[in-house]
Visitor: 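If you scroll down you'll find the structure; I have some questions about it.
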Amino acid sequence: MYKNIILLGSTGSIGTQTLDVCRKHNINVVALSANSNTTLLRQQIAEFQPEYVCLTNEEAGNNFKAQAEELGVKLIIGKQGLVQLAQLDCDAVVLNAVVGIAGLEATLAAINSGKDVALANKESLVTGGKLVMDAVKRNGVKLLPVDSEHSAIFQCLQDPYSAKKLNKIILTASGGPFFGYTKEQLETVTKAQALKHPNWSMGSKITIDSATLMNKGLELIEAVWLFDLKPEDVQIVVHRQSIIHSAVQFVDNSVIAQMGVPDMRLPIQYAITYPDRFECPVDSLDFFAMKDLTFAPADPDTFLCLKAAVEAIGKGGLYPCAVNGANERAVQLFLEDKIAFADIGRIVYKVLSHFNFSSEYTLEEVFRTDKEARAFVDAQLL
Ligand code: NDP
Ligand code: MG
């Protein structure tokens with residue numbers, strides 16, 4: 001088990017649940033970061049006594065200076081602060097629970113400073129998968145999945161002999177609040193409906209991604225990088241109950257699945273205690289209370305974000321980064337009531353055919369592609 005943690009995105013859904021795990025297992029919190037939620041960050045500093053905190057939002061950071069001094073914590077302001085925290089000279093795991101491409105540089109910085117990374121920020125792999133995986137290999141560090149599906153796959157692949165005989169991955173999806181809807185029905189759904197996930201309580205961006213099925217597309221790309229697979233080796237299966245968190249199939253057609261109640265504290269804890277297991281404040285699975293476990297295909301022709309993500313990883317290069325950037329901007333516009341729910345899929349799909357994103361895979365090109373994709377989304381509003 002890691003004794004020390006640097007937690008990026010501590011005020012979010014994954015961040016607060018990570019602190020539950022730290023509380024339970026007395027893990028020392030070296031550093032915390034938030035974007036602007038100083039009220040919650042203040043409480044977290046008082047309880048966990050980190051040495052450093054970062055506020056990426058400059059205004060929030062400047063307003064917090066006096067409080068940081070009073071609390072006896074070193075404050076770093078601005079988005080480069082995430083990189084500084086990730087590079088701190090100490091023996092700690094970095095758990096990255098920032099949302100969006102904003103987490104990418106910190107993931108790379110942590111790996112390049114020789115630290116293991118527990119990764120919730122799937123956008124790091126979607127936008128910069130090649131850079132991240134090359135850095136992992138170069139530095140000989142561990143990249144531990146926090147995303148529940150990828151943790152499930154990782155748990156199913158712990159036998160090194162079988163892991164070499166992997167045939168395919170079954171990536172389960174809850175289907176979100178609009179599973180079974182037609183294209184026409186998606187035209188009239190509201191923000192409140194989209195923000196109401198049937199099984200998980202999460203931050204607003206990933207909740208919308210779950211409703212559009214972009215989340216499953218991002219997770220497919222994440223799985224391809226993490227487990228070194230071809231996109232066609234990943235089968236997406238809608239499993240409404242979110243009990244089977246994903247499964248692996250070996251060459252002999254034997255399938256191993258990981259199951260549990262839907263509670264992120266389990267995959268978070270496994271990433272922190274890996275390869276060991278400890279008690280976890282998560283309910284046990286009651287097999288007699290489970291009525292049905294159902295399985296169905298996803299519908300990419302209705303949920304265009306999924307179609308865009310699958311095509312993007314098929315094309316390779318920076319196409320996944322482009323669809324991610326378009327999606328981040330489109331979700332933001334949807335949450336600001338500037339576009340309708342069905343526009344998200346339409347716009348994200350459209351970006352694929354609009355540019356040639358097969359340029360060189362460097363960090364500069366990743367950010368340029370992201371910017372270009374966002375600008376493309378904004379241009380659709382004119
Ligand atoms: P939240 O929106 O709940 O939290 C995001 C965190 O990042 C907050 O601490 C927030 O600070 C901070 N943040 C927001 N914007 C920025 C920025 N531009 N720069 C730096 N920090 C920022 O997200 P979740 O916890 O739901 O998700 C975090 C990541 O984990 C995402 O990549 C998501 O896809 C992934 N994930 C989440 C799951 C879940 O159950 N929630 C499950 C699996 C994966 P502030 O509070 O100040 O805004
Ligand atoms: Mg997931």
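Both ligands and their constituent atoms are indexed starting at 1 by order of listing.
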Visitor: Distance-only, no hydrogens or angles: does the S246 side chain make a donor-acceptor pair with backbone N or O of T172 under 3.5 Å?
Guide: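 A pair under 3.5 Å: yes.
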Visitor: Tell me whether the NZ or CZ atom of K307 lies within the 45° cone about the ring axis of Y349 and under 6.0 Å from its centre.
Guide: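 Cation-pi check for K307 and Y349: passes.
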Visitor: For ligand 1, list the protein residues that place a heavy atom within a distance below 4.0 Å of one of its atoms, sorted by chain and number.
Guide: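 Its neighbours under 4.0 Å (heavy atoms only) are G9, S10, T11, G12, S13, I14, A34, N35, S36, N37, T56, L82, A97, V98, V99, A102, A120, N121, K122, E123, D147, M202, G203, I206, M264, given by chain and number.
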Visitor: With a cut-off of 2.8 Å, which protein N/O/S atoms are close to the Mg ion (ligand 2), if we only count those under it?
Guide: D147 OD1, E149 OE1, E219 OE2
Visitor: Out of the candidates I256, D233, I170, only one should pair with Q249 under the side chain to side chain contact (heavy atoms under 4.5 Å, CB included) rule; please name it.
Guide: I170
Visitor: Using the benzene-type ring in the case of Trp, are the ring centres of F303 and F178 under 6.0 Å apart?
Guide: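 No, the ring centres sit 6.0 Å or more apart.
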Visitor: Would you check if the side chain of K24 reaches a backbone N or O of P281 as a donor-acceptor pair within less than 3.5 Å?
Guide: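 Between the backbone of P281 and the side chain of K24 there is no qualifying donor-acceptor contact (under 3.5 Å).
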Visitor: Could you give all pairs that pass the ring pair (Phe, Tyr, Trp, His ring centres under 6.0 Å) test and reach residues 201-242, with sequence neighbours left out?
Guide: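 The answer is H239-F295.
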Visitor: Taking C-beta and beyond as the side chain, do K65 and L75 meet within less than 4.5 Å on heavy atoms?
Guide: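 Yes - at least one pair of side-chain heavy atoms lies under 4.5 Å apart.
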Visitor: Output side-chain donor-acceptor pairs under 3.5 Å for residues 35-46, partner residues at least two apart or in another chain, one line each.
Guide:
unit_1: N35; atom_1: OD1; unit_2: T56; atom_2: OG1; d: 2.7
unit_1: N35; atom_1: OD1; unit_2: N57; atom_2: N; d: 3.4
unit_1: N37; atom_1: OD1; unit_2: T39; atom_2: N; d: 3.4
unit_1: N37; atom_1: OD1; unit_2: L40; atom_2: N; d: 3.0
unit_1: R42; atom_1: NH1; unit_2: Q67; atom_2: OE1; d: 2.6
unit_1: R42; atom_1: NH2; unit_2: E70; atom_2: OE2; d: 2.9
unit_1: Q44; atom_1: OE1; unit_2: S10; atom_2: OG; d: 2.7
unit_1: Q44; atom_1: NE2; unit_2: S10; atom_2: O; d: 2.9

Visitor: For D159 and Y161, indicate whether the former's side chain and the latter's backbone hold a donor-acceptor pair under 3.5 Å.
Guide: yes
